[in-house]
Amino acid sequence: MKLIGSLTSPYVRKVRIVFLEKKVDVDLELENVWAADTTIALNNPLGKVPCLLLDDGEAIYDSRVITEYVDTLSPVGRLIPAGSRERASVKTWEALADGVEDAGILARLEHTFHPSKQQSAAWLERQMGKIDAALVQMSRKLGENAWCHSNQMTLADIAVGSALGYLLFRFPGIAWQTKHPNLDTLYQKLMQRPSFAETTPPVA
Ligand code: GSF
């Protein structure tokens with residue numbers, strides 16, 4: 001199996017953490033999807049990473065499909081509960097965390113693709129508002145619990161940790177650690193794990 005991705009993508013980080021936690025080996029193939037000569041579309045016509053290439057050549061995407069698939073590959077520490085209701089709860093945490101990344105990326109792309117005069121303040125505000133609201137919801141749902149869902153680490157924590165790491169990397173001005181100290185406690189705890197420490201985005 002080969003995982004096509006970048007070291008800065010939070011979705012790729014989430015998937016890499018899942019591989020490491022599940023102790024499933026995968027080769028990482030770095031791909032810059034923004035480069036003119038990218039070949040990502042040969043495997044994912046949407047032009048996005050992460051994309052997992054199975055040994056028979058089948059391509060699996062997007063990150064939520066990959067995390068779900070990898071969780072089935074080894075019996076080590078189930079990350080998604082088997083029960084349908086619990087499963088939906090954990091997947092909703094993942095959707096919430098991914099949504100923070102989606103909003104952050106849309107805001108950054110507005111800066112990248114439009115000169116400052118053409119940037120829509122309303123659009124940027126809308127995306128940043130989603131991030132703020134999602135952080136409030138994460139913090140409220142986590143409360144004083146040790147983990148996002150149940151009493152052990154699940155995909156919910158991995159997805160939330162990846163989103164928080166992305167904010168630290170791309171939006172250091174968002175003071176989520178002081179606004180939501182319980183999220184900071186969770187993030188610090190996750191960063192003690194080799195899976196998180198080894199996948200920290202490189203300094204720009
Ligand atoms: C999002 C992947 C994505 O936007 C998933 O895998 O969960 N829902 C998908 N990946 C970005 C890289 S990054 O900014 O994390 C990507 O490949 N963007 C290229 C593009 O053309 O949008």
Side-chain angles (χ1 to χ4, degrees), residues 1-22 24 26-54 58-73 79-80 87-88 90-114 119-120 123-124 126-128 130-131 134-135 138 148 154-172 174 187 195-196 198-204:
M1 270 187 303
K2 197 164 73 178
L3 180 68
I4 309 175
S6 74
L7 300 177
T8 52
S9 165
Y11 312 96
V12 174
R13 184 181 189 196
K14 175 185 67 176
V15 166
R16 290 174 67 207
I17 292 169
V18 168
F19 270 105
L20 288 165
E21 292 291 342
K22 296 292 292 185
V24 174
V26 68
D27 293 326
L28 178 66
E29 182 176 295
L30 294 178
E31 177 77 25
N32 177 1
V33 293
W34 301 104
D37 60 352
T38 179
T39 55
I40 185 65
L42 296 175
N43 293 302
N44 179 358
L46 301 173
K48 295 186 183 196
V49 289
C51 177
L52 181 67
L53 282 189
L54 303 185
E58 188 184 357
I60 305 285
Y61 44 83
D62 62 2
S63 70
R64 286 185 225 172
V65 180
I66 301 173
T67 53
E68 188 153 9
Y69 175 63
V70 177
D71 194 35
T72 65
L73 293 184
L79 295 174
I80 306 175
R87 188 180 188 81
V90 166
K91 298 286 289 179
T92 299
W93 271 105
E94 186 182 26
L96 183 62
D98 284 15
V100 165
E101 296 156 15
D102 295 345
I105 286 165
L106 286 175
R108 276 174 55 81
L109 292 179
E110 182 73 4
H111 288 295
T112 308
F113 282 98
H114 293 142
Q119 286 168 22
S120 164
W123 178 254
L124 289 170
R126 185 177 173 92
Q127 302 311 324
M128 300 320 285
K130 289 179 197 293
I131 294 176
L135 287 168
M138 286 174 179
C148 293
T154 65
L155 177 63
D157 305 286
I158 295 175
V160 167
S162 301
L164 295 175
Y166 170 72
L167 293 181
L168 284 178
F169 178 51
R170 293 298 196 197
F171 295 89
I174 300 180
Y187 189 70
S195 61
F196 269 81
E198 283 169 26
T199 56
T200 307
V203 180

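Values below: every heavy atom of this structure, side chains too, minus hydrogens, waters and symmetry copies. One-based numbering, in listed order, for ligands and for the atoms of each.
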Could you check [atom] against the protein and tell me its nearest heavy-atom contact, residue, atom and distance included?
atom	value
atom 15 (O) of ligand 1	S9 OG, 2.7 Å
atom 22 (O) of ligand 1	K48 CE, 3.5 Å
atom 9 (C) of ligand 1	D62 OD2, 3.5 Å
atom 17 (O) of ligand 1	V49 N, 2.9 Å
atom 6 (O) of ligand 1	S63 N, 2.9 Å

Notebook entry, point to check: Taking V100 as the fixed residue, which of I131, I105, V160 is the one that meets the side-chain contact (heavy atoms from CB on, under 4.5 Å) rule?
Noted result: I131
Next item on the list: May I ask you to say whether D62 pairs ionically with K48, meaning some side-chain N is under 4.0 Å from a carboxylate O?
Entry: no
Notebook entry, point to check: Under 4.0 Å between a Lys/Arg side-chain N and an Asp/Glu carboxylate O for K91 and E68?
Noted result: yes
When you compare ligand 1 with [X], is there at least one nitrogen or oxygen pair between them that comes in under 3.5 angstrom?
X	answer
D102	no
K14	no
R64	no
I105	no

Next item on the list: Classify the side-chain pair R13/T199 by whether it contains a donor and acceptor separated by less than 3.5 Å.
Entry: yes
Margin query: Looking at S120, is its backbone amide N or carbonyl O close enough to the side chain of E110 to form a donor-acceptor pair, meaning the two atoms are under 3.5 Å apart?
Written below: yes
Next item on the list: Decide whether the shortest distance between a heavy atom of W34 and an atom of ligand 1 is less than 4.0 Å.
Entry: yes
Check: Going by the angle between their ring planes, with limits at 30° and 60°, are Y166 and F171 parallel, tilted or perpendicular?
Finding: perpendicular
Next item on the list: Over all heavy atoms of both residues, which pair between L30 and S6 is shortest? Give the atoms and the distance, please.
Entry: CD2-CA, 4.2 Å
